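These numbers were taken from a predicted model, which means no experiment stands behind them. Hydrogens, waters and symmetry mates play no part in the numbers below; they use all other heavy atoms, side chains included. Numbers here simply count residues along the sequence, with the first being 1.
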Amino acid sequence: MANTGGDRRPKYQRIADALREAIRSGEYGPGDRLPGENDLMATHDVARMTARQALSVLRDEGVAEARKGAGVFVREFRPLRRRGIQRLAQQQWGNGRSIWSADVENRSLEVDQVSVSEEVAPDGVGAVLDLADGETVCVRRRRFVLDGKPVLLATSYLPTSLVAGSAITQEDTGLGGTYARLAELGHGPVHFREEIRSRMPSPDEATQLSMSAGTPAILICRTAFTEEGRPVEVNEMTLDAASYILEYDFDA
């Protein structure tokens with residue numbers, strides 16, 4: 001390994017950084033096999049555990065993936081750039097387009113595991129929606145699969161009294177989705193609030209999203225408000241952190 005002077009980072013981190021830079025520069029492209037533990041040990045004069053830790057860093061970041069019996073490879077899936085502001089603009093869903101069309105470009109998006117039910121509002125959701133105890137909500141659950149890779153689980157809660165009998169209670173809400181249907185009901189959203197956190201996924205979430213071991217989940221909770229300030233939807237989303245870039249583009 002080259003002399004790093006005053007660089008006090010652990011050796012495994014320096015090796016991981018060098019591999020990451022090689023991937024960024026194109027030396028290793030999507031699907032290419034990265035140097036294995038033996039190669040890294042010889043090249044950098046480190047112990048096997050150090051080489052293993054370096055590769056683990058890239059796997060945990062979602063940059064690389066291990067294939068049993070074959071080695072560690074540069075991940076082929078291209079992360080989705082989630083444009084947090086543009087995707088919620090009224091000109092998006094108000095013109096019959098899915099808010100996802102602001103993100104996916106010409107990539108293949110499938111929505112599966114769709115279910116719609118009427119349930120008593122969970123305490124936290126009921127409080128946000130300002131519902132009385134025991135009041136029900138329309139619950140819409142679905143999974144989003146991009147280019148064959150599950151990337152997002154979403155559960156939306158809307159007051160039953162607001163959406164009963166509308167297309168929102170059907171699996172297919174039609175062009176423009178839920179927000180367009182709310183607008184038709186006279187409750188179109190004009191303001192959104194998103195809260196973002198992260199944690200490790202539950203076993204069920206990791207399975208549903210086909211997440212690599214050690215990859216965290218991003219949690220986004222979005223509340224939609226009408227012009228009068230009434231909250232009309234709470235949407236709880238779980239994202240595979242390795243599959244996303246969160247982008248927020250706005251004027252000063």
Side-chain angles (χ1 to χ4, degrees), residues 1-2 4 7 9-82 100 103-114 141-154 197-220 237-247:
M1 178 178 282
T4 57
D7 192 342
R9 291 174 301 161
K11 286 184 177 180
Y12 78 86
Q13 188 64 63
R14 281 180 266 164
I15 296 171
D17 290 347
L19 289 172
R20 192 186 302 103
E21 176 57 26
I23 294 170
R24 189 200 64 78
S25 68
E27 181 179 344
Y28 299 105
D32 286 350
R33 185 181 184 276
L34 293 173
E37 292 177 8
N38 290 337
D39 298 322
L40 294 177
M41 290 166 62
T43 301
H44 299 280
D45 189 24
V46 295
R48 182 173 300 278
M49 182 57 69
T50 301
R52 186 171 298 168
Q53 285 179 299
L55 293 171
S56 293
V57 168
L58 299 182
R59 292 201 306 271
D60 291 348
E61 293 176 350
V63 174
E65 59 185 0
R67 299 179 188 172
K68 190 173 183 179
V72 178
F73 295 77
V74 179
R75 198 167 187 237
E76 296 187 66
F77 181 81
R78 178 163 55 96
L80 173 66
R81 189 172 294 273
R82 183 183 188 273
W100 275 78
D103 304 332
V104 300
E105 300 170 340
N106 61 347
R107 302 172 71 177
S108 173
L109 177 69
E110 177 186 359
V111 183
D112 67 7
Q113 299 184 7
V114 179
R141 296 182 174 90
R142 59 266 191 221
R143 183 179 72 164
F144 294 83
V145 181
L146 184 68
D147 293 342
K149 167 69 175 70
V151 295
L152 168 72
L153 305 174
R197 297 180 293 125
S198 65
R199 59 164 168 75
M200 297 309 295
S202 69
D204 182 59
E205 290 168 339
T207 298
Q208 288 193 72
L209 292 174
S210 301
M211 297 172 69
S212 300
T215 304
I218 298 172
L219 308 179
I220 300 179
M237 294 163 274
T238 303
L239 293 67
D240 172 8
S243 297
Y244 273 91
I245 297 172
L246 305 184
E247 177 182 296

- If you round to the nearest 0.5 Å, how far is NZ of K11 from CG of D45? 6.5 Å

- Task: Measure the CD-CZ distance between E37 and R52 for me, rounded to the nearest 0.5 Å.
- Result: 4.0 Å

- Show the numbers, then the answer: is there a side chain to side chain contact (heavy atoms under 4.5 Å, CB included) between R48 and N38? CA-CA 7 Å; R48 182 173 300 278; N38 290 337; 2.8 Å; yes

- Does the side chain of L34 reach to within under 4.5 Å of the side chain of I23, using non-hydrogen atoms? yes

- Task: Taking the side chain as every heavy atom from C-beta outward, state whether K149 and D147 have any atom pair closer than 4.5 Å.
- Result: no

- Closest heavy-atom pair and its distance - A54, A16: O-CB, 3.7 Å

- Is any side-chain heavy atom of L219 less than 4.5 Å from a side-chain heavy atom of T238? yes

- Task: Identify the two heavy atoms, one from M237 and one from A154, that lie closest to each other, and give their separation to 0.1 Å.
- Result: CG-CB, 4.0 Å

- Message: Is the shortest side-chain heavy-atom distance between I220 and R82 below 4.5 Å?
- Response: yes

- Exercise: identify the closest heavy-atom pair between S25 and A22: OG-O, 3.1 Å

- Task: Drop me the distance from R81's CZ to L246's CG, to the nearest 0.5 angstrom.
- Result: 10.0 Å

- Given the rule in the side chain to side chain contact (heavy atoms under 4.5 Å, CB included) test, do L239 and V151 qualify, once you have shown the distances and angles that lead to the verdict? CA-CA 6 Å; L239 293 67; V151 295; over 6 Å; no

- Check L55, L19, V72 against P35 for a side-chain contact (heavy atoms from CB on, under 4.5 Å) and give me the one that passes. L19

- Query: For the atom pair CG (L153) and CG (L209), what is the distance rounded to the nearest 0.5 Å?
  - Reply: 4.0 Å

- Query: Given Q208 and S202, is the side chain to side chain contact (heavy atoms under 4.5 Å, CB included) satisfied, shown in steps?
  - Reply: CA-CA 10 Å; Q208 288 193 72; S202 69; over 6 Å; no

- Crowded around R67 CZ? As in, over 12 foreign heavy atoms under 6.0 Å? yes

- Item | Least distance between heavy atoms, A242 atom then P79 atom | O-CG, 4.1 Å

- Query: Would you find more than 12 non-hydrogen atoms of other residues, nucleotides or ligands less than 6.0 Å from M200 atom CE?
  - Reply: yes

- Message: Looking at every heavy atom in both P150 and R143, which two are closest together, and how far apart are they?
- Response: CG-NH1, 3.8 Å

- Would you say R14 and H44 make side-chain contact, with heavy atoms under 4.5 Å? no

- Query: How far apart are the closest heavy atoms of V74 and Y28, and which atoms are they?
  - Reply: CG2-CB, 3.8 Å

- Query: Below 4.5 Å, heavy atoms only, C-beta onward: do L152 and R142 meet side chain to side chain?
  - Reply: no

- Item | Pair D17 + R20, salt bridge at N-O below 4.0 Å | yes

